[in-house]
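Throughout, a chain's letter reflects where its sequence line sits, starting with A, and its residues are numbered from 1.
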2 protein chains.
Amino acid sequence: MATTAERPLRRDAERNRQRILDTAGLLFAERGLGVSLDEIARHAGVGVGTVYRRFPDKEQLIDALFEHRLAEILAAATDSLEMSDPWEALVSFLERSMELQVKDRGLKELLLGTSTAHARIEQGRQQIQPIVVALLGRAQTAGVVRDDINVPDLMLLQHAIGEAAEYTREVAPEAWRRVMSIALDGLRPDRRRPSPMPVPPLDEEQVVCSMREWGLRRRR
Amino acid sequence: MATTAERPLRRDAERNRQRILDTAGLLFAERGLGVSLDEIARHAGVGVGTVYRRFPDKEQLIDALFEHRLAEILAAATDSLEMSDPWEALVSFLERSMELQVKDRGLKELLLGTSTAHARIEQGRQQIQPIVVALLGRAQTAGVVRDDINVPDLMLLQHAIGEAAEYTREVAPEAWRRVMSIALDGLRPDRRRPSPMPVPPLDEEQVVCSMREWGLRRRR
DNA sequence: ACACAACCGGAGTCCTGGCCTCCACTTGGA
DNA sequence: TCCAAGTGGAGGCCAGGACTCCGGTTGTGT
């Protein structure tokens with residue numbers, strides 16, 4: 001108690017705090033939660049000390065940073081729930097959620113990773129869960145989604161598609177939509193024809209590039 | 001020239017060499033290519049020096065180790081090509097290939113990763129490629145696979161499913177088959193009903209466990 | 001049985017990279 | 001003006017991987 005807003009930061013300090021938050025957001029988004037605080041400091045044009053003074057540990061930085069990101073996914077879920085077509089509703093949520101995760105690698109790691117040690121994130125997840133249950137349930141009772149799948153299947157699917165996105169992110173950042181399209185077609189109980197592909201397929205060269213990029217992204 | 005089998009190793013040396021190869025195989029399979037030679041030495045019950053004497057660098061160890069693994073995939077491909085039903089042929093290859101990759105994480109990394117610096121692996125890949133083209137082509141002209149997908153799409157799918165497998169590997173090592181089943185249903189140009197799921201879905205607890213495992217597998 | 005080249009283990013060096021502390025210097029603002 | 005608040009970044013600490021070296025051991029040809 002009496003810890004928050006003890007007293008306003010000096011103006012330069014506040015400015016630095018914001019800079020750190022901003023760059024951390026960027027770096028986490030494009031390289032995942034693994035980036036070091038030193039690196040964030042360097043990119044923010046600020047000393048390491050400054051970072052550590054403001055955020056005693058990485059957890060706090062992450063929590064501060066991802067709260068509203070989580071809220072975005074929650075919003076996507078509730079928005080979708082309001083759509084009248086049960087299939088469109090589910091698809092719209094899955095799509096929006098994937099878009100957010102593709103744009104922000106850190107968010108994805110937070111969503112999929114260890115639950116402990118991020119109370120707020122855990123709480124966010126638990127707000128989202130029932131909505132997903134509702135979305136899936138509605139689609140299934142409407143008969144537009146096969147009923148032998150459950151929510152964990154959707155999670156797995158999201159994770160899988162997310163990795164495909166990761167693989168091609170440098171070369172064809174939208175290619176994951178093809179994978180998703182295939183998966184969505186696979187969720188239907190029956191259908192006459194494939195849904196049209198949202199983006200063109202990868203060509204030979206893009207594959208080679210993706211392989212190279214991916215290879216050296218995991219240091220070796 | 002005159003380098004191979006210069007002279008047979010002393011018997012104990014040969015025994016150690018084999019031990020190193022064996023344990024390296026195991027460790028690469030379950031933890032990926034990232035494991036250090038020191039660790040391999042420790043698990044093999046052998047000094048680090050012995051490892052480095054026998055395999056001047058990791059590349060050579062890896063090449064020696066994965067040549068026949070690659071051959072297995074190639075065999076899966078050619079075997080499948082001989083099957084009469086074009087759909088069954090494609091499915092059988094994809095399934096076998098995934099099984100191998102799930103069993104051996106190192107193999108997967110090699111298949112998907114950097115092409116350079118592993119000439120033999122690259123060559124193996126190039127033997128497999130045309131067979132996959134044939135498998136897919138045959139299925140498409142037979143009208144059992146939608147024709148707006150190409151080989152890179154299959155790669156992406158494999159990568160994606162592989163990650164789902166990675167995610168649940170400790171808790172439900174067969175769960176990836178559900179994802180694959182959905183994806184396969186998504187590949188058909190049309191169908192009346194979903195194919196039956198090969199394994200039961202994850203329950204709540206398994207999801208939580210997977211999240212935890214996955215979280216701490218990427219150190220943090 | 002003996003000698004010795006081949007082989008062994010693993011302590012030790014070097015290096016990279018993360019986390020975090022400390023303190024001499026700057027600066028905002030009462 | 002003055003000083004508490006704030007700053008930067010050198011440097012300590014530690015983990016862990018790659019690789020070397022050498023005193024000691026062992027297989028083997030004779």
Side-chain angles (χ1 to χ4, degrees), chain A residues 3-24 27-28 31-65 106 109 114 117 215-220, chain B residues 3-24 27-28 30-65 106 109 114 117-118 215-220:
Chain A
T3 47
T4 322
E6 278 263 26
R7 134 177 353 204
L9 290 174
R10 225 167 68 177
R11 209 176 297 146
D12 56 340
E14 180 54 37
R15 188 167 39 81
N16 278 336
R17 197 188 113 92
Q18 205 49 52
R19 266 229 273 269
I20 292 168
L21 240 21
D22 290 349
T23 31
L27 291 182
F28 284 151
R31 310 233 294 266
L33 302 177
V35 295
S36 67
L37 293 197
D38 289 53
E39 197 151 7
I40 292 172
R42 194 164 52 253
H43 278 75
V46 133
V48 218
T50 305
V51 175
Y52 281 97
R53 193 171 325 103
R54 222 43 80 194
F55 303 94
D57 54 29
K58 215 150 121 179
E59 308 296 294
Q60 288 187 33
L61 212 193
I62 291 178
D63 274 21
L65 214 38
E109 290 177 9
T114 167
L216 45 85
R217 212 172 309 149
R218 12 185 83 201
R219 304 299 96 211
R220 207 174 317 287
Chain B
T3 47
T4 323
E6 277 263 24
R7 132 178 355 201
L9 290 173
R10 226 168 67 177
R11 208 175 297 145
D12 55 342
E14 180 54 38
R15 187 167 40 80
N16 279 335
R17 197 187 113 92
Q18 205 51 51
R19 266 227 273 268
I20 292 167
L21 240 21
D22 290 349
T23 31
L27 290 183
F28 282 150
E30 66 187 28
R31 310 234 293 267
L33 302 177
V35 294
S36 66
L37 293 198
D38 290 54
E39 197 151 7
I40 291 172
R42 195 164 52 253
H43 278 75
V46 132
V48 215
T50 306
V51 175
Y52 281 96
R53 194 172 322 106
R54 222 44 80 192
F55 302 94
D57 55 28
K58 215 150 121 179
E59 306 296 293
Q60 289 188 31
L61 212 193
I62 290 176
D63 274 23
L65 214 40
E109 289 178 9
T114 168
H118 285 288
L216 44 86
R217 212 172 309 148
R218 16 185 80 200
R219 302 301 97 212
R220 207 173 320 286

Length of the CD-P vector between A:Q18 and D:dT7, whole Å: 13 Å
Donor-acceptor contact below 3.5 Å, side chain A:E109 vs main chain A:L33: yes
Side chain to side chain contact (heavy atoms under 4.5 Å, CB included) between A:Y52 and A:D38, intermediate numbers included: CA-CA 9 Å; A:Y52 281 97; A:D38 289 53; 3.8 Å; yes
Shortest non-hydrogen contact from B:I20 toward B:A44: CA-CB, 4.3 Å
Sidechain-backbone polar pair: B:K58 side chain, B:V35 backbone, donor-acceptor under 3.5 Å: yes
Spatial distance of atom CZ (B:R17) from atom CG (B:D12) [nearest 0.5 Å]: 14.0 Å
Spacing of B:L27 atom CG relative to D:dG17 atom C1', expressed in whole Å: 15 Å
If you restrict it to nitrogen or oxygen atoms, what contacts under 3.5 Å exist between nucleotides 13-20 of chain C and the protein, and what is each distance?
unit_1: C:dC19; atom_1: OP1; unit_2: A:K58; atom_2: NZ; d: 3.4
unit_1: C:dC19; atom_1: OP2; unit_2: A:L37; atom_2: N; d: 3.2
unit_1: C:dC20; atom_1: N4; unit_2: A:D38; atom_2: OD2; d: 3.2

Of B:L21, B:L61, B:V46, the residue whose pairing with B:I40 passes side-chain contact (heavy atoms from CB on, under 4.5 Å): B:L61
Derivation and outcome, side chain to side chain contact (heavy atoms under 4.5 Å, CB included), residues B:V48 and B:R42: CA-CA 8 Å; B:V48 215; B:R42 195 164 52 253; over 6 Å; no
Pairwise side-chain contact, A:F55 with A:I62, heavy-atom cut-off 4.5 Å (strictly under): no
Produce the list of close N/O pairs, under 3.5 Å, pairing protein atoms with atoms of nucleotides 4-8 of chain C; give distances to one decimal.
unit_1: C:dA6; atom_1: N3; unit_2: B:R10; atom_2: NH1; d: 2.6
unit_1: C:dC7; atom_1: OP1; unit_2: B:R10; atom_2: N; d: 3.3
unit_1: C:dC8; atom_1: OP1; unit_2: B:N16; atom_2: ND2; d: 2.6
unit_1: C:dC8; atom_1: OP2; unit_2: B:R53; atom_2: NH1; d: 2.7
unit_1: C:dC8; atom_1: OP2; unit_2: B:R54; atom_2: NH2; d: 3.0

